[in-house]
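The block underneath contains the structure these notes are about, expressed in structure tokens.
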Amino acid sequence: MQKHLTRQQQLHLRKQLDEATCHELSLRIQQRLVAAECFCSAETLALYSPINNEVHTDNLLAIARSQGKKVCYPRVAGDGLQFVAIESLAELQPGAFGVAEPIGDQQLDAQMIDLLVVPGVAFDQDGFRLGYGKGFYDRELSRMAQSTVSVGLCYEFQLCDSLPIEEHDQQLDYVVTETQLIPCRKDTAG
Ligand code: ADP
Ligand code: MG
């Protein structure tokens with residue numbers, strides 16, 4: 001119930017963002033991630049297709065591709081996500097929940113993902129997140145390789161002091177906002 005309220009409040013705030021602000025903040029967030037070691041060293045990345053003013057990822061795709069990295073996007077399959085490699089946004093089409101999904105058949109073993117970029121409704125400094133309430137990323141994160149680095153992207157206003165957390169909620173390694181990159185776990189801090 002508490003999760004439901006926080007989601008509602010945060011989604012309401014995000015809805016107020018105008019297109020120009022969304023674009024500008026998204027650019028700064030992406031630039032911050034591109035400069036981070038975890039992006040530079042990743043050979044295979046998983047991005048997401050933004051909806052409802054989520055932080056954009058198009059610059060990450062363009063830069064990753066220009067650096068020869070492999071980029072995949074998630075597609076809903078049952079209660080899980082399939083990660084499919086793409087070369088351009090033209091290979092995405094509207095899919096589950098109105099999210100653009102890959103249409104190709106270049107399905108990637110999720111264990112091969114070096115950097116998993118995660119959307120969310122709210123985040124805290126410890127890397128916990130609220131999604132839309134379907135638990136897709138919790139399930140995927142719980143079966144990723146130990147070596148996979150997970151990064152949540154959010155606007156500064158989406159950062160909460162603390163979030164209602166349940167047993168199954170998975171922690172991210174980093175959260176990136178327009179003003180900071182937060183290492184969230186003791187083993188990745190410093
Ligand atoms: P979100 O993370 O999208 O905000 P929740 O954390 O509220 O959503 O999770 C929604 C539901 O997903 C949970 O009630 C739980 O049943 C299911 N879920 C999450 N992670 C797992 C998991 N690792 N295995 C099985 N079910 C899970
Ligand atoms: Mg969760």
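Whatever order the structure lists them in is the order used to number ligands and atoms, beginning at 1.
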Top protein contact for [atom], by heavy-atom distance:
| atom | result |
| --- | --- |
| atom 13 (C) of ligand 1 | His168 CE1, 3.5 Å |
| atom 24 (N) of ligand 1 | Arg139 CG, 3.9 Å |
| atom 10 (C) of ligand 1 | Gly133 O, 3.4 Å |

What are the atoms of ligand 1, with element, lying closer than 4.0 Å to any heavy atom of [X]?
| X | answer |
| --- | --- |
| Leu130 | 4 (O) |
| Asp138 | 2 (O), 6 (O), 19 (C), 20 (N) |
| Ser142 | 23 (N) |
| Tyr132 | 3 (O) |
| Lys3 | 5 (P), 6 (O), 7 (O) |
| Arg7 | 1 (P), 4 (O), 7 (O), 8 (O) |
| Gly131 | 1 (P), 2 (O), 3 (O), 4 (O) |

Looking at Arg32 and Glu178, does any basic side-chain N land under 4.0 Å from a carboxylate oxygen? no
Strictly by modelled atom types, are Asp124 and Ser162 linked by a side-chain donor-acceptor pair under 3.5 Å? no
Does the side chain of Gln8 pick up a donor-acceptor pair with the side chain of His12 at under 3.5 Å? no
Contact list for residues 132-147, test side chain to side chain donor-acceptor pair (under 3.5 Å), sequence neighbours left out: Arg14-Tyr132, Asn52-Tyr132, Glu140-Arg143
With the threshold set strictly below 4.0 angstrom, can you tell me whether any protein non-hydrogen atom sits that near atom 2 (O) of ligand 1? yes
Just jot down the side chain to side chain donor-acceptor pair (under 3.5 Å) partners of Glu19, sequence neighbours excluded, or say none. none
Find the distance between CD (Gln93) and CD1 (Ile103) and round it off to the nearest 0.5 Å. 4.5 Å
To the nearest 0.5 Å, what is the distance between CG (Asp169) and CG (Leu163)? 8.5 Å
Would you mind telling me if ligand 1 is within reach of the side chain of Asp169, the backbone, both or neither, using heavy atoms under 4.0 Å? side chain
[X] side chain near [Y] side chain, heavy-atom distance below 4.5 Å:
| X | Y | value |
| --- | --- | --- |
| Leu13 | Gln158 | no |
| Cys38 | Leu33 | yes |
| Cys184 | Asp173 | no |

If you measure every N/O of Phe136 against every N/O of ligand 1, is any gap under 3.5 Å? no
If you look at Asp169, which of its N/O/S atoms is nearest to the Mg ion (ligand 2)? OD1
Taking the Mg ion (ligand 2) as the reference point, name the nearest N/O/S atom of Asp138. OD2
